[in-house]
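Proteins come first, then strands; the chains are lettered A, B, ... in the order of their sequence lines, and each starts at number 1.
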Number of protein chains: 2
Amino acid sequence: MKDSGLTKTSSIQVIDRAAKLLNIMARYDDPISLKILAAEGELHPSTAFRILSSLIEHQFVERDDVGHYRLGIKLLHLGSHVRQSVELRQQAKPIITRLRDALGETVNLTVRENDEVVYVERAISGQMMRVEQVIGSRAPLHVTAVGKLMLAAAGEEECRQYAKRTGLPAYTHNTITDVENLIRHTSQALQNGFAYDNGEAEKSVGCIGVLIYSSTGEIAAGLSVSAPLERRKEEWVPLVIEAGKRLSESLGYFG
Amino acid sequence: MKDSGLTKTSSIQVIDRAAKLLNIMARYDDPISLKILAAEGELHPSTAFRILSSLIEHQFVERDDVGHYRLGIKLLHLGSHVRQSVELRQQAKPIITRLRDALGETVNLTVRENDEVVYVERAISGQMMRVEQVIGSRAPLHVTAVGKLMLAAAGEEECRQYAKRTGLPAYTHNTITDVENLIRHTSQALQNGFAYDNGEAEKSVGCIGVLIYSSTGEIAAGLSVSAPLERRKEEWVPLVIEAGKRLSESLGYFG
DNA sequence: AGTTTTGATTTCACATTATGAAAGATTCAG
DNA sequence: CTGAATCTTTCATAATGTGAAATCAAAACT
């Protein structure tokens with residue numbers, strides 16, 4: 001049977017109904033009865049009852065001693081998970097935007113996933129010729145500025161294991177493909193507090209990257225500015241380091 | 001078609017599948033592909049695709065530029081809603097239990113909803129003859145210790161309006177049914193920092209109650225110990241006040 | 001305390017939805 | 001540029017979710 005008649009896309013009715021019930025419960029401070037839920041959800045009581053029973057099984061809903069319903073603990077768990085991701089991007093967005101405006105080039109935020117960095121946020125340069133990464137796309141650690149810093153922070157042994165796992169494939173003539181060279185290079189970069197990518201991932205593209213730390217001192221992300229190599233400037237380094245510092249502080253890191 | 005074969009109760013398959021997909025996304029720090037979700041969820045890709053599309057519509061899921069999926073902002077909203085309720089009960093539970101152990105009588109936590117208090121948490125006395133309220137059940141404000149404090153805190157005019165709305169029905173011979181008497185009584189109780197229920201809700205049952213404040217200074221809940229009148233002791237008052245103070249502090253109130 | 005009313009829960013026939021196979025479109029990798 | 005892989009849409013239909021009715025339980029009334 002049709003619900004409200006007009007469905008934007010070919011949605012799944014049961015999910016629509018479950019979402020509606022969850023939203024109703026969110027409007028009340030206290031647990032509410034099946035009768036109210038069914039009425040406000042415009043559902044038959046037996047339908048509401050079964051949907052709620054399913055949601056209870058997965059801890060999205062709880063039922064108290066008098067049979068009233070409220071939102072369940074699983075939403076707290078999943079919500080906390082969302083917060084971590086959202087907070088990083090929300091804290092980063094204005095800082096990334098300001099840095100992009102100051103330098104006039106694209107600025108990216110990445111997080112490490114296994115042997116790659118993933119682009120999770122960005123501010124794109126307004127210039128016609130610019131570097132642009134797709135959010136969600138990935139790059140191997142050893143060919144990116146921030147990835148090299150992440151490797152160095154993980155230690156020499158981890159560097160060797162990474163080299164073994166991946167074989168350090170060359171992406172351009174400038175890619176570092178020798179493990180000893182990679183270790184020397186990344187260690188130095190970590191000591192400097194920033195790293196370069198000198199056309200190592202892509203010909204003619206240069207980056208300056210720094211690490212972002214969370215309140216627990218762990219690496220939360222990487223921040224980098226990317227530009228055509230001939231436009232990249234050494235004097236950007238302190239600005240990138242400062243932006244990284246501010247973002248780390250906004251996440252509660254003061255090391 | 002059947003899922004894992006054995007279903008504990010007559011659950012709804014689509015909700016089971018949606019929950020499974022949400023749980024898989026929670027296991028990853030980064031957005032993941034449809035292929036991985038379908039595989040780990042043991043679903044046909046077209047099925048996973050439609051369920052995810054529905055979840056996206058309700059903001060339980062988001063899809064990024066390269067078509068990868070992550071948990072959505074709605075979970076943060078609903079999760080925050082759960083936190084408020086869970087935090088109160090979680091902070092209260094050990095304090096309620098300690099007070100019950102110290103006094104040997106039932107201790108209840110209530111919240112105000114319109115003209116009633118609702119029982120949201122409790123620690124029951126181990127004695128054979130004891131007072132026991134069902135979680136989720138309610139009582140009118142004017143016949144409970146904490147309800148009278150809530151009325152007093154709301155002001156004299158609100159007290160008069162409450163009396164008008166409800167007619168101050170008698171529950172026992174001891175129920176206060178005169179509005180001037182109620183105002184005098186509840187004001188004094190608020191000044192004292194605690195209130196009694198002298199068999200006003202139920203014959204022979206006596207309570208001592210205090211208000212619980214949140215970090216914003218607002219009334220978050222009421223805490224009370226209930227016992228047969230002949231067992232209730234005046235010297236419990238400072239212990240109940242102290243327990244209420246500690247619970248308010250654990251919620252961030254230091255007024 | 002007994003009766004009536006209301007709300008919650010279960011059952012069941014079947015209408016409609018959700019499904020998966022197949023096809024088509026898009027993206028990615030070489 | 002081509003082929004492979006992944007994503008998205010279509011469609012026939014299997015099976016699920018539905019709501020009416022019945023039953024059970026709790027609450028309200030007398």
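- The side chain of Ser46(A) places no N or O atom within less than 4.0 Å of a non-bridging phosphate oxygen (OP1 or OP2) of dG19(D).
- Considering only side-chain N and O atoms, Arg17(A) lies nowhere under 4.0 angstrom from the phosphate OP1 or OP2 of dT17(C).
- Lys35(A) places its NZ atom 13 Å from the P atom of dA28(D), with the value rounded to the nearest Å.
- Rounded to an integer number of Å, the gap from CG of Leu55(B) to C1' of dA18(C) is 14 Å.
- Rounded to whole Å, the distance from OH on Tyr69(B) to C1' on dT6(D) is 11 Å.
- Of the residues near DNA chain C, Ile15(A) and Ser33(A), the one whose nearest nucleotide (by heavy atom distance) lies more toward the 5' end is Ser33(A).
- Rounded to whole angstrom, the span from the CG atom of Asp16(B) across to the C1' atom of dA18(C) amounts to 14 Å.
- Taking atom CZ on Phe49(B) and atom C1' on dA22(C), their separation rounds to 16 Å, with Å as the unit.
- The side chain of Gln13(A) has dT17(C) as its nearest neighbour among dG20(C), dT17(C), dT16(D).
- Tyr196(A) approaches Lys148(A) most closely through the heavy-atom pair O-NZ, 2.7 Å.
- Rounded to whole angstrom, the span from the NE2 atom of His44(A) across to the P atom of dT18(D) amounts to 11 Å.
- For Val66(A) and Ile51(A), each mapped to the nucleotide of DNA chain D holding its nearest heavy atom, the one lying further toward the 5' end belongs to Ile51(A).
- For the 3.5 Å distance criterion, the side chains of Thr106(A) and Ser125(A) fail to qualify, holding no donor opposite an acceptor.
- Mapping Pro45(A) and Val14(A) onto DNA chain C by nearest heavy atom places Pro45(A) closer to the 5' end of the strand.
- You'll find a donor-acceptor pair under 3.5 Å spanning the side chain of Arg50(B) and the base of dG20(C), going by distance alone.
- Ion pairing of Lys74(B) with Glu57(B) is absent here, as no side-chain N (NZ or NE/NH1/NH2) approaches a carboxylate O to less than 4.0 Å.
- The CD1-C1' distance, from Ile36(A) to dA8(C), rounds to 14 Å in whole Å.
- Taking atom CG on Leu34(B) and atom P on dT6(D), their separation rounds to 10 Å, with Å as the unit.
- Side-chain contact check for Thr166(B) and Asp115(B): no donor-acceptor pair (N or O, by modelled atom type) lies under 3.5 Å.
- Between Glu40(B) and Lys35(B) there is no salt bridge, since no side-chain N of the basic residue sits under 4.0 Å from a carboxylate O of the acidic one.
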